[in-house]
Structures are given as C-alpha cells and as structure tokens.
J.: 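Here it is, the structure, as structure tokens.
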Amino acid sequence: MEQKKCIVLKFGGASVSSPEAFASIAEIILQRRSLYQQVVVVVSAMGDTTDDLIALAHKVNPNPPRRELDMLVSVGERISIALLAMALAAKNTEAISFTGSQSGILTTNDHANAKIILVKPQRLLPQLDNGKIVIVAGFQGMSQSGDITTLGRGGSDTTAVALAIALQAEKVEFYKDVNGIYDKDPKKFTDAKLINQLSYKQAYTIMEQGAQVLHARCVRLAEKNSLPLKVLPFNNFLDEKLGTTIQDTVKLKNTISYED
Ligand code: ASP
Ligand code: MG
C-alpha cells in the first residue's frame, strides 16, 4: 500500500497565549492540510499556564508529591488540545484531540523528567486514515504502571518528534515566536544572523551556547532517527526566506529508536 504523506506540526505556548490564537493557528493547520494527507498537531499549554499550575501546587503544598504534580501540570496541554479541536470544528474541519496516554506515549516512571521509551499510536491511526486532524497534548505520557508522567519543561517538542518517528512523518515543523535559529541570541544581539540550514551537531552547539529554541532531547531523538526538523515563525510561516531546517544529508538507518 502506498504510504500516506504525514507531517507533525508543533505549536508552543507563545502561539496559543489567548483564546483568539487558536483560530490563527487553525489557519496554519488548514494550509498544511492542503499539502499533506495526514496532519498531526502537538500543542503546549497556553502562555504561562504551566508556571501558574506549578505555583498553584506550591500554594497547597510546598513540596508536592511528584506523581500529583504531573497529574496537575499535564492539564495545561489538555486545555490546549480541546480548544484547538473546537477552533478547527468552528472552521468545519474534522479534528480530534488525545492526551499523551491516549496517544500511546509510554515513558519511564521519572515524574517531571520522564523519557519516552515507546510510542504506540494505535488510537491515532484510524483517525488519520479517516482524514481527521489529530491533536495530541505535548509534554506528557504514561508510565508502565499507568501513571501520568511529564517529560520535563519544554518537553512538548520531544512529544512531537517521538510521534513523527512512530508515524514515519516526513518532518516536524515547530511554530515559534522567532523567525528561526540565529547564530546568537537575537533578543540580546542586534547583529544576530538567521541560519537557514543546520546539521544536528551544529544545532546542539548553538543550543549549548544558550539559544533555547528547541528542547535539546528532541534534537537528539531526531538525529537518532534521521528525522528532519524545521523551526519557523507562526506569524510569517509562508515566507520561504525565514525558518531553519535541521537535518543531516546522510540518512543513518531505517530502524526506529526512542530515548536512551
Ligand atoms: N508546557 C510545558 C512547559 O511549559 C511543556 C512545553 O511547553 O513544551 O514546560
Ligand atoms: Mg509551555
């Protein structure tokens, strides 16, 4: 059977910081839907929601049990997936949201810093085959004992990459409030230059120097599976001069592997 063209789109907290923002990102998703048969969207919690939930927990207990903290903070992404599915429904587009555990994201039991060990996207596949846009909550999974886990701050990027690997997607596009990756921090240096192409190694080096554009673990996971990544601005995504692609020219292997 012919493989269907699949893409994973990741939207960070800054791109969903207000209720109106969901309608804007729905437009980006619809544009991509016209190019790919299968579209999976991973979304983070709105704006400062995760920080607010952590602060809330600490008001109740200065040292919250880690299992319960994960139960609480994973709610942030759950709000976003439901609202995004509603925004797409308002545009007469069929979409369905899933939590990390419903999406089959299986992790270690390290609450607040769990690693993805396997993705079993069985519930997503029939929805994608039916042409629905599948929306997955970033940052979260389920441990082997069935508890909700989270992947560490900024972990939704890693969710997007792991799903793309499991679904054999062509690439992951990360929609951010920056034009791509720069040679130095563009918020601090006015002469910072946008870089259009990077190898995985070059991406690590830049990130080690302090550019917090992607979750470092997601770059490692993409490199292991030769999955191309693209960082692009959500407010100007059609401008081809913008954006940074991270990939290597040589494809290393054809087998799937998850986090170490
Ligand atoms: N919402 C989580 C955080 O703020 C995960 C993410 O944004 O990727 O860390
Ligand atoms: Mg966030």
Side-chain angles (χ1 to χ4, degrees), residues 6-17 21 24-25 27-29 31-32 35-36 39-48 50 77 80 116 136 138-139 151-165 169-252 259-260:
C6 175
I7 190 167
V8 176
L9 313 176
K10 152 81 198 338
F11 293 89
S15 63
V16 287
S17 54
S24 314
I25 70 166
E27 288 300 325
I28 301 180
I29 295 165
Q31 197 279 342
R32 287 305 190 239
L35 305 174
Y36 289 84
V39 177
V40 176
V41 184
V42 173
V43 64
S44 295
M46 294 173 70
D48 297 328
T50 308
E77 274 67 16
S80 295
I116 297 176
V136 175
F139 178 54
L151 307 176
R153 299 303 307 268
S156 300
D157 290 348
T158 298
T159 304
V161 168
L163 276 170
I165 291 163
E170 187 181 293
K171 62 179 166 182
V172 180
E173 290 184 341
F174 297 90
Y175 290 85
K176 302 258 170 193
D177 58 351
V178 290
N179 286 338
I181 300 180
Y182 287 76
D183 59 348
K184 42 192 162 182
D185 186 346
K187 288 178 187 146
K188 289 196 198 126
F189 301 93
T190 48
D191 62 339
K193 280 194 204 56
L194 179 67
I195 313 169
N196 290 121
Q197 289 281 345
L198 284 173
S199 67
Y200 299 106
K201 291 249 150 26
Q202 290 168 324
Y204 294 132
T205 310
I206 287 186
M207 284 163 49
E208 269 161 24
Q209 289 160 359
Q212 295 272 307
V213 189
L214 290 177
H215 199 220
R217 278 164 51 192
C218 95
V219 180
R220 165 95 187 109
L221 188 55
E223 179 181 26
K224 271 169 75 176
N225 293 277
S226 300
L227 174 76
L229 308 177
K230 185 163 187 185
V231 176
L232 66 176
F234 59 77
N235 49 18
N236 218 351
F237 74 104
L238 290 173
D239 184 337
E240 297 198 346
K241 290 191 295 298
L242 303 180
T244 302
T245 299
I246 305 170
Q247 69 186 134
D248 283 345
T249 37
V250 194
K251 190 166 166 39
L252 292 176
E259 296 198 276
D260 308 313

J.: Can you see which heavy atom on Ala21 is nearest to which on Val16, and at what distance?
T.: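 Looks like CB-CA, 3.9 Å.
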
J.: Compare all side-chain heavy atoms of Arg153 with those of Thr50 and state whether any distance is below 4.5 angstrom.
T.: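 Heavy-atom side-chain distance check passes, below 4.5 Å.
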
J.: Do Val39 and Ile29 come close enough that some side-chain heavy atom pair is under 4.5 Å?
T.: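 Answer yes - side chains close enough.
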
J.: Within 45 degrees of the axis of the six-membered ring of Phe174 and under 6.0 Å from its centre: does Lys10 put its NZ or CZ there?
T.: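 The answer is no, since Lys10 fails at least one limit relative to Phe174.
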
J.: Between atom CG of Asp239 and atom CG of Asn179, what is the distance when rounded to the nearest 0.5 Å?
T.: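 Separation between the atoms: 8.0 Å.
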
J.: Hey, does Arg217 have a side-chain heavy atom less than 4.5 Å from the side chain of Leu151?
T.: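 Yes, close enough: below the 4.5 Å cut-off.
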
J.: How many angstroms lie between atom CD1 of Ile206 and atom OG1 of Thr244, to the nearest 0.5 angstrom?
T.: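 One finds 8.0 Å between CD1 of Ile206 and OG1 of Thr244.
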
J.: So which heavy atom on Leu198 is nearest to which on Ala203, and how close?
T.: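 Nearest pair, atom of Leu198 first, then Ala203: CD1-CA, 4.1 Å.
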
J.: Got a second to check how far Asp248's CG is from Ser226's OG, nearest 0.5 Å?
T.: 7.0 Å

J.: Atom NZ of Lys184 and atom CD1 of Ile195: how far apart are they, to the nearest 0.5 Å?
T.: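 Those atoms lie 11.0 Å apart.
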
J.: State the CG-CZ distance between Leu9 and Phe237, to the nearest 0.5 angstrom.
T.: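 So the gap between those two atoms works out to 9.5 Å.
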
J.: What pairs meet the side-chain hydrogen bond (donor to acceptor under 3.5 Å, both in side chains) rule with one or both residues in residues 196-207, with sequence neighbours excluded?
T.: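 Only Ser199-Gln202, Lys201-Glu223, Tyr204-Glu223 qualify under side-chain hydrogen bond (donor to acceptor under 3.5 Å, both in side chains).
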
J.: So do Glu173 and Ile7 actually touch side chain to side chain, heavy atoms under 4.5 Å?
T.: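 A side-chain contact under 4.5 Å exists here.
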
J.: Compare every heavy atom of Ala216 with every heavy atom of Met207, then report the nearest pair and how far apart it is.
T.: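 Where Met207 meets Ala216 most closely, the heavy atoms are CE-CA, 3.5 Å.
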
J.: Take Leu232 and Leu242, measure what side chain to side chain contact (heavy atoms under 4.5 Å, CB included) needs, and give me the verdict at the end.
T.: CA-CA 7 Å; Leu232 66 176; Leu242 303 180; over 6 Å; no

J.: Return the NZ to CD1 distance between Lys230 and Ile181, rounded to the nearest 0.5 Å.
T.: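 Reported to 0.5 Å precision, the distance equals 12.0 Å.
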
J.: How close do Glu170 and Leu227 get, heavy atom to heavy atom, and via which atoms?
T.: O-CD1, 4.2 Å

J.: Would you say the side chain of Asn236 lies within less than 4.5 Å of the side chain of Pro233, judging by non-hydrogen atoms?
T.: yes

J.: Check Leu194 against Gly243 and note the closest heavy-atom contact, atom names and distance.
T.: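 Shortest heavy-atom separation between Leu194 and Gly243 comes out as CD2-N, 4.1 Å.
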
J.: Any carboxylate oxygen within less than 4.0 angstrom of a Lys/Arg side-chain nitrogen, looking at Glu259 and Arg220?
T.: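 No, no charged N to carboxylate O under 4.0 Å.
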
J.: Inspect the contact between Asp157 and Lys176 and indicate whether a charged nitrogen and a carboxylate oxygen are less than 4.0 angstrom apart.
T.: yes

J.: A side-chain contact here means heavy atoms from C-beta on lying under 4.5 Å apart; do Val136 and Val41 qualify?
T.: no

J.: Looking only at heavy atoms, what is the nearest atom pair of Ala169 and Val8, with distance?
T.: CB-CG2, 4.0 Å

J.: Report yes if some heavy atom in the side chain of Val161 is under 4.5 Å from a heavy atom in the side chain of Val219; otherwise report no.
T.: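 When only atoms from C-beta onward are counted, Val219 and Val161 do not touch, as no gap falls below 4.5 Å.
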
J.: Does the side chain of Tyr175 reach to within under 4.5 Å of the side chain of Ile25, using non-hydrogen atoms?
T.: no

J.: Examine distances only and state if a side-chain atom of Ser80 and a backbone atom of Ser44 form a donor-acceptor pair shorter than 3.5 Å.
T.: yes

J.: Got a sec, which residues hit side-chain hydrogen bond (donor to acceptor under 3.5 Å, both in side chains) with Gln247, two or more places apart in sequence or on another chain?
T.: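 Testing Gln247 for side-chain hydrogen bond (donor to acceptor under 3.5 Å, both in side chains), a comparison that skips the adjacent residues, returns none.
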
